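All remarks here apply to the structure that follows.
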Amino acid sequence: MIESRAQRHRREHATAMARLRVLTDRPLPPRRIRVRLAVAYLALVGPVATVPLVVTAPVWGPAVQLVALTAIGGVWVALRRATRLVTEAPDEALDELLVRLRDRYFREAYQALAAAVALAAAAMITVGDRDWFGPGIIGALGLALVALATGLPLVVAAFRLPDIDDEDIHGDINGGVHCDVPP
Amino acid sequence: MSPRSRDEQVHSRVAMLRAERGLSRAELAEAVGIHYQTIGYIERGEYAPSLAVALRIAALFGLPVDAVFSLEPFAPLTGDQLSRRTT
């Protein structure tokens, strides 16, 4: 039997969703590991935004920024794995609770990003005509905002995703119902 | 994930029914097509499942949905049974 293009597309899509579902179903790493990665991500955004202010030498500034951006990329990949792609997977690959949690994380990340943009805008308006507020710092702020926009949902998910109890996966056949009276 | 208000809390007999049938949370989750962690949230009353999931869980146990989920706390079964016997 010859498979039509639509059938093949549906089959491939179903296989991709099943693979993604297996990935998102895997237990999360412990919360302390996720939080460390999230803190590292946020800590790296600072140097990206402020290097042109601190390091004024022509080569060293961009070099430090490049190192920080590379490190951010590495931590971003680790964060994606640590949060099991919850922020990226389509609805059909996620359980309904995870969909609701993901939507909440995106809302919180957006609020945090809006606050960061407001702060950056306030800084630009306040000190906009000073000499040091040149293209270097504007570009750096732009990079930092891009890093925040792409990473904040992951950071929020890393902080907020609940740890999975072993009981949830394997045991607790008693359903948490325990009888104190001997049978 | 806690319910938004006390009024919205959905009480369930999922833990008891699952124990009766000797199912683990992972087995029940697989049978109804949700994440195993979600079963724990439903059992603790921390998450109100969608109507589709509630219907699938009730169907799996062979019960009407209002026998498994309720907006009011369930009376203890022993109390239920005793009151039926005395009436």
Side-chain angles (χ1 to χ4, degrees), chain A residues 14 17-31 34 82-87 89-108 156-157 159-183, chain B residues 1-4 8-58 60-61 63 68-69 73-82:
Chain A
M17 286 302 113
R19 278 194 196 134
L20 204 52
R21 184 143 204 164
V22 166
L23 183 65
T24 54
D25 272 356
R26 278 163 54 196
L28 292 162
R31 190 169 172 275
R34 288 182 271 132
T83 53
R84 297 282 178 260
L85 301 180
V86 164
T87 58
D91 287 5
E92 54 199 303
L94 293 174
D95 157 86
E96 62 177 38
L97 173 61
L98 284 177
V99 170
R100 198 182 289 188
L101 289 174
R102 183 204 59 191
D103 292 349
R104 182 185 285 189
Y105 300 157
F106 265 94
R107 192 182 66 238
E108 290 171 357
V156 175
F159 271 103
R160 302 285 307 274
L161 274 169
D163 268 334
I164 291 177
D165 198 332
D166 264 357
E167 252 183 17
D168 287 341
I169 309 169
H170 305 296
D172 198 27
I173 286 184
N174 291 327
V177 179
H178 300 289
C179 185
D180 293 333
V181 183
Chain B
M1 164 169 286
S2 54
R4 261 176 269 164
E8 284 180 351
Q9 185 169 2
V10 172
H11 302 270
S12 86
R13 281 180 168 148
V14 172
M16 189 198 68
L17 293 165
R18 184 170 64 74
E20 260 180 20
R21 283 152 176 83
L23 290 168
S24 70
R25 284 183 183 153
E27 286 164 342
L28 175 60
E30 174 129 18
V32 294
I34 58 175
H35 198 272
Y36 41 75
Q37 205 176 7
T38 307
I39 298 291
Y41 276 78
I42 293 170
E43 289 181 356
R44 292 189 295 271
E46 293 171 357
Y47 174 66
S50 67
L51 180 60
V53 168
L55 287 168
R56 283 207 296 271
I57 291 174
L60 186 88
F61 292 130
L63 293 167
V68 184
F69 296 97
F74 286 104
L77 266 185
T78 47
D80 263 3
Q81 287 164 343
L82 283 173

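Below, read A as the first sequence line, B as the second, and so on, with proteins coming before strands; counting in each chain starts at 1. Computed from a prediction, not measured in an experiment: that's the story for all the values here.
Atom CD of Glu30(B) sits in a sparse spot, with 12 or fewer heavy atoms from other residues, nucleotides or ligands closer than 6.0 Å.
One finds the OH atom of Tyr41(B) at 11.0 Å from the CG atom of Asp95(A) (value rounded to the nearest 0.5 Å).
Between Leu97(A) and His35(B), the closest side-chain pair of non-hydrogen atoms is not below 4.5 Å.
Of all non-hydrogen atoms in Glu96(A) and Ser50(B), the two that sit nearest each other are OE1-OG, 2.5 Å.
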